[in-house]
Amino acid sequence: MIFDIETIPDPELYKPPEVPSGQAPPFPPLYAHKPIVLGVLWLDERYGFKRLGVIGENKAEPAMLADFAHFADQHRPHLVTYNGRSFDLPVIAMRCMRWGLPMRFFFDDRDYRYRFSDSGHIDLYDFLSEHGAARVGSLDSVARVMGLPGKVGVDGSQVEGLYNAGQLDMIKRYCLSDVAQTAFLFLRYRLLQGILDLDGYRVAAQTLYDALVADGRVGPVLDRVDKPRLLLS
């Protein structure tokens, strides 16, 4: 299960400091982030596409988090993120603590939290950066290495403004665009590891590409893909 969250500052917990006009406010501390969208993409055991979606769509934050925790408790998926160990999962844990929601899967199974094994959770940023020894850059940067466009139209700094303007659907599409690109990066990482051979990678990447075209929600990303470089064709 490849996933990503989009957040806004929680006004009940955090008031951003005043900054000079034209200067961006500082990134809020983890405890102050309130998830508003939780995008996911499921692959099967052979890396075939199953589904793209938003967990807890149109539900309040506690119900969204409860849906995520319940799904993970029930199915124990292999999680895949980009920087999820440093951001997405700690934020989810903080917010579950805020609302009094259990995350049994996260604490029952050591593999979800053990940093130096890719069992349970693969944080692609963590592994590609050698656990912080190297600076490999953001998803936006790394995606371009393999022919993906990275950020298209929206970036994380705009999420709060879009949310306040009532543009939640735009935030969902932005989140799913990041999830889709993380999924392609995951397949390329499996090729890098030798777990997928070249033919297996091409089949999985083409299948994912075709499924996303049919879905339609990440069209602006697919329109800007360098297909020969992405599919190694």
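Every value quoted in this text rests on a predicted model; they were computed, and no experiment measured them.
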- Query: Can you get from Val80 to Met146 by hopping between Ile, Leu, Val, Met, Phe, Trp and Tyr side chains that sit under 4.5 Å apart?
  - Reply: yes
- Can you find a pair of side-chain heavy atoms, one from Ile92 and one from Leu38, that are under 4.5 Å apart? yes
- Message: Let me confirm one number: the OH-OG distance from Tyr114 to Ser117, rounded to the nearest 0.5 Å.
- Response: 7.5 Å
- Does Ser141 reach the main-chain N or O of Gly137 with its side chain, forming a donor-acceptor pair under 3.5 Å? no
- Enclosure of Arg113 CZ (heavy-atom neighbours >12, cutoff 6.0 Å): yes
- Starting from the C-alpha separation in whole Å, work towards a yes-or-no answer on side-chain contact (heavy atoms from CB on, under 4.5 Å) for Arg173 and Val218. CA-CA 7 Å; Arg173 290 193 295 271; Val218 297; over 6 Å; no
- Message: A side-chain contact here means heavy atoms from C-beta on lying under 4.5 Å apart; do Gln167 and Asp169 qualify?
- Response: no
- Least distance between heavy atoms, Ala180 atom then Leu212 atom: CB-CD1, 3.8 Å
- Query: Does any N or O in the side chain of Arg188 come within less than 3.5 Å of the main-chain N or O of Leu230, such that one atom is a donor and the other an acceptor?
  - Reply: yes
- Task: Answer yes or no: is there an ion pair linking Glu57 with Lys172, defined by an N-O contact shorter than 4.0 Å?
- Result: yes
- Does OH in Tyr163 sit with more than 12 non-hydrogen atoms of other residues, nucleotides or ligands closer than 6.0 Å? no
- Centroid-to-centroid, Phe3 to Phe68, below 6.0 Å? yes
- Query: In terms of heavy-atom contacts, does CD of Gln23 have more than 12 from other residues, nucleotides or ligands at under 6.0 Å?
  - Reply: yes
- Would a distance-only check, ignoring hydrogens and angles, find a side-chain to backbone donor-acceptor pair under 3.5 Å from Gln181 to Ala143? no
- Between Asp178, Val179, Val40, which is the residue that forms a side chain to side chain contact (heavy atoms under 4.5 Å, CB included) with Ile2? Val179
- Query: Are Tyr125 and Tyr82 close enough that their ring centres sit under 6.0 Å apart?
  - Reply: yes
- For Arg202 and Leu232, indicate whether the former's side chain and the latter's backbone hold a donor-acceptor pair under 3.5 Å. yes
- Kindly work out whether a path of hydrophobic side-chain contacts (I/L/V/M/F/W/Y, heavy atoms less than 4.5 Å apart) joins Val225 to Val142. yes
- Is any NZ, NE, NH1 or NH2 atom of the basic residue among Arg85 and Asp126 found under 4.0 Å from an Asp or Glu carboxylate oxygen of the other? yes
- Task: Flag the pair Arg98 and Glu12 as a salt bridge only when some basic side-chain nitrogen lies within less than 4.0 angstrom of an acidic carboxylate oxygen.
- Result: yes
- Output the distance between atom CG (Leu191) and atom CG (Asp197), rounded to the nearest 0.5 Å. 8.0 Å
- Item | Leu89 and His121, any side-chain heavy atoms less than 4.5 Å apart | yes
- Could you walk me through whether Arg76 and Asp108 pass the side-chain contact (heavy atoms from CB on, under 4.5 Å) test, one step at a time? CA-CA 10 Å; Arg76 300 296 168 112; Asp108 281 352; 3.3 Å; yes
- Verdict with supporting geometry, Phe27 and His33, ring-ring contact (aromatic ring centres under 6.0 Å, His included): CA-CA 10 Å; Phe27 192 68; His33 286 265; 4.8 Å; yes
- Fit a plane to each ring of Phe105 and Tyr112, take the angle between them on a 0 to 90° scale, and name the class: parallel (under 30°), tilted (30 to 60°) or perpendicular (over 60°). perpendicular
- Message: Using the rule given for side-chain contact (heavy atoms from CB on, under 4.5 Å), can you reason through Lys151 versus Tyr174, listing the C-alpha separation, both sets of side-chain angles and the distance that settles it, and then say yes or no?
- Response: CA-CA 8 Å; Lys151 304 296 182 183; Tyr174 163 63; 2.9 Å; yes
- Item | Side-chain heavy-atom pair Leu192, Leu128 within 4.5 angstrom cut-off | yes
- Closest heavy-atom contact between Met64 and Pro35? CE-O, 3.5 Å
- Are Trp99 and Phe107 connected, step by step, through hydrophobic side chains (Ile, Leu, Val, Met, Phe, Trp, Tyr) whose heavy atoms are closer than 4.5 Å? yes
- Message: Is the shortest side-chain heavy-atom distance between Thr81 and Asp4 below 4.5 Å?
- Response: no
- Message: Just verifying a value: how many Å separate Glu61 CD and Cys96 SG, rounded to the nearest 0.5 Å?
- Response: 8.5 Å
- Query: To the nearest 0.5 Å, how far apart are CG in Leu148 and CG in Asp140?
  - Reply: 10.5 Å
- Query: Counting only heavy atoms not in His78, do more than 12 sit closer than 6.0 Å to its NE2 atom?
  - Reply: yes
- Message: So does Ile5 get a backbone contact from the side chain of Asp88, meaning a donor-acceptor N/O pair under 3.5 Å?
- Response: yes
- Side chains of Phe87 and Val91 in contact at under 4.5 Å (non-hydrogen atoms): yes
- Main-chain N/O of Gly48 paired with Asp44 side-chain donor or acceptor, under 3.5 Å: yes
- Is any side-chain heavy atom of Met170 less than 4.5 Å from a side-chain heavy atom of Val154? yes
- Item | Asp226 vs Arg144, salt bridge (charged side-chain N to carboxylate O under 4.0 Å, His left out): CA-CA, chis, key distance, verdict | CA-CA 9 Å; Asp226 181 339; Arg144 289 186 223 154; over 6 Å; no
- Do Leu185 and Leu222 share a hydrophobic cluster (ILVMFWY, side-chain heavy atoms under 4.5 Å, transitive)? yes
- Message: In the structure I gave you, are the side-chain heavy atoms of Pro102 and Asp73 within less than 4.5 Å of one another anywhere?
- Response: no
- Taking every heavy atom of Gly84 against every heavy atom of Pro90, the minimum-distance pair comes out as O-CD, 3.4 Å
- Message: Can you confirm whether Arg229 is buried at CZ, in the sense that more than 12 heavy atoms of other residues, nucleotides or ligands lie under 6.0 Å from that atom?
- Response: yes
- Message: Tell me which one of Phe71, Tyr47, Phe186 satisfies ring pair (Phe, Tyr, Trp, His ring centres under 6.0 Å) with Trp42.
- Response: Phe71
- Query: Between Asp215 and Arg217, is there a side-chain N and carboxylate O pair less than 4.0 Å apart?
  - Reply: yes
- Specify the closest pair of heavy atoms between Pro26 and Val19, including all atoms of both residues, with the distance to one decimal. CD-CG1, 4.0 Å
- Task: May I ask whether Ile195 and Leu231 are part of the same hydrophobic cluster, defined by side-chain heavy atoms of I, L, V, M, F, W, Y residues being less than 4.5 angstrom apart, directly or through others?
- Result: yes
- With rounding to the nearest 0.5 Å, note down the distance linking CZ in Arg190 to CG in Leu43. 10.5 Å
- Where does the angle between the aromatic ring planes of Tyr209 and Phe184 fall among parallel (under 30°), tilted (30 to 60°) and perpendicular (over 60°)? tilted
- Item | Pairing of Asp10 and Arg95 as salt bridge, 4.0 angstrom limit | yes
- Distance, nearest 0.5 Å, that separates CG of Asp67 from NZ of Lys59: 3.5 Å
- Task: Please name the pair of heavy atoms, one in Ala183 and one in Leu208, separated by the smallest distance, quoted to 0.1 Å.
- Result: CB-CD2, 3.8 Å
- Query: Checking side-chain contact (heavy atoms from CB on, under 4.5 Å) for the pair Thr7/Ile36: CA distance, chi angles, key distance, verdict?
  - Reply: CA-CA 5 Å; Thr7 68; Ile36 55 171; 5.8 Å; no
